[in-house]
Amino acid sequence: MSAPLRVTAVVGTTRSVSKTKALAELIIGRLAAHAEISVEVIEIHALNPGLGAAIEREQLDARAEAAIRAAESADLLIAATPVFRGSYSGLFKHFFDFVGQYALAGKPVLLAATGGSERHAMVIDQALRPLFGFFQAWTAPMGVYLTSGDFDGTTVLNPEAYERIEVAVSDIIPVAHQLAEARSRRQAA
Amino acid sequence: MAENTRDIKLSSAVTVLSSDDPVRVFEQFATLDLISGGRAEITAGRGSYTESFPLFGYDLNDYSELFADKLDLLLKLRAENPVTWQGTTRPALHAADVSPQPGREIPLWVAVGGTSASVVRAAHLGLPMALAIIGGSYRQFAPFADLYRKAAAQFGHDAGTLKLSINSPGFLAATHREAIEVSHPYFESGWMANHHQRGQGVPMPLAAYEAQSTRAGAFFLGSPQEVTDKILDQWELFHHDRVTIQMGFGNVPQREMLKSIELLGTEVAPVVRKEIASRPEPAGGPR
């Protein structure tokens, strides 16, 4: 029996009531239905002004520093962002600019995003994936992108969204377990 | 069913005309119409699954042409007998006598999923349209209803004769919770059997199913009051003439199914009919 997966979701939203957060929570809910997990949800907006005011990592306040560490130490990272001006939000990128260059290497990352229309669907593959490619992370092949039309407020209505999440989650869980085990073997050696 | 009922209409949820033979379809519905004393209706669509095309020897590349051509023949069969017809996807008919003949013109609805071209086709032919909303936000389908009416007007059809139906899954029980809990396991197993990705069924989690039952969701799923409210909400949006519910998808047991039908007939339908009759006609003419 493997240890619970430590899941950290980084939600690049600027509001507490958020479609992106709802999507991240839906993903977490399905992860919990399939695997034993512990969860930390980091809402970028809640880290301010400490996060936004810092330029160097040493300038982060304790709360923002703890959030960065939670991302760095996760067994499985969910990276979820709304599309702002055609890409991930600026603060979302600012958060990851503090993450150690190799802290996410060999870690599984599930990519998720929400946007105003279908026109931004490629944000998963053309904005998020290269960022985590830089980190040498294992990005899950299937990301989840939803548009405003898939929601009523923060309730996801589109049944295809649930299907996609289901497939994405069942793809990533065995990978996350294997990568976590390999990591703990390396650390023990 | 025709023998044991008196009033209800007997319609296909959808007849996938593209991979069927219009002559056979017409004969079957004519038979049903005769047995039922004029209660048969055809709902014809292109189909949302691809399996039937290779199964019956059709090429999926002809997807669009198959439907257009076969719908043309079906309309001809409805209009005349003996029938003479020539098309592209089926051998021609020369003064062919098709029997049995119904004593009337069997209603024919065009089923549309979410393709604007299909909406325009129904409008062009002046045929009633059944809009299938099988999940998600029904509000997103409002543009199709507008397109249907505007296009039909441009093609010169009288808007008053055009009918619109909203077709969605649903299930009713005395309470919201009961409706969800009774029907979800069946719906999910039916969904998995029908909805394949990578060669295997994809489940519909309870949360997804329940989302469809919320006020903005597409399913007529819940208590009689909730279903009544949803139909009336939809009417403000669509000004539609009919609601068709695919009830108890996945084979809900007969006892619960009968209860659901009873609730729809005794508690929902009378209220909806009375309420809509009391509301003013939508702006822009009769519906």
Side-chain angles (χ1 to χ4, degrees), chain A residues 9 17-35 37 39 41 78 110 112 114-121 140-175, chain B residues 48-49 113-114 116 132-144 168-170 176 180 183-184 187-222 226 229-230 233-234 237 246 249-250:
Chain A
V17 177
S18 143
K19 290 180 168 58
T20 311
K21 186 174 135 193
L23 170 57
E25 284 171 346
L26 211 52
I27 293 170
I28 290 165
R30 295 317 294 168
L31 282 168
H34 291 290
I37 61 171
V39 181
V41 177
I78 299 170
L110 212 162
T114 62
S117 78
E118 303 285 356
R119 282 185 286 279
H120 298 300
M142 184 177 276
V144 184
Y145 174 80
L146 302 186
T147 71
S148 309
D150 294 323
F151 288 87
D152 172 44
T154 53
T155 303
V156 176
L157 291 181
N158 185 354
E160 284 172 16
Y162 289 87
E163 282 180 26
R164 195 158 175 89
I165 290 167
E166 199 68 27
V167 175
V169 160
S170 38
D171 277 359
I172 197 74
I173 286 173
V175 176
Chain B
S48 53
Y49 297 97
S116 299
I133 308 179
I134 57 172
S137 163
Y138 67 77
R139 221 156 251 291
Q140 290 187 301
F141 285 76
F144 293 116
S168 294
H176 175 84
I180 302 269
S183 63
H184 175 253
F187 190 94
E188 188 176 39
S189 78
W191 186 265
M192 283 186 78
N194 269 268
H195 229 82
H196 281 202
Q197 282 185 25
R198 307 181 186 174
Q200 61 188 27
V202 182
M204 181 181 259
L206 186 62
Y209 190 60
E210 207 152 3
Q212 310 311 315
S213 77
T214 58
R215 192 109 183 201
F219 291 4
F220 299 105
L221 174 62
E226 289 169 321
D229 288 345
K230 186 168 286 183
D233 282 355
Q234 286 193 347
L237 191 67
Q246 185 180 23
F249 177 70

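Throughout, protein chains are lettered first and strands after them, A, B, ... in sequence-line order, and every chain is numbered starting at 1.
Note that OG1 of A:T155 is 14.0 Å distant from CZ of B:R215, once rounded to the nearest 0.5 Å. We find the CG-CZ distance between A:L157 and B:R139 to be 11.5 Å, quoted to the nearest 0.5 Å.
Of the listed residues (B:G135, B:A208, B:A211), the one with the most heavy-atom contacts under 4.5 Å to chain A is B:A208.
Summarising the local packing, CD1 of B:I134 is surrounded by 12 or fewer heavy atoms from other residues, nucleotides or ligands at distances under 6.0 Å.
Between A:P159 and B:Q212 the shortest heavy-atom distance is CD-NE2, 3.8 Å.
Heavy atoms closer than 4.5 Å to chain A are found in both the backbone and the side chain of B:S137. Looking at A:E166, the atoms closer than 4.5 Å to chain B (heavy atoms on both sides) all sit in the side chain, from C-beta outward.
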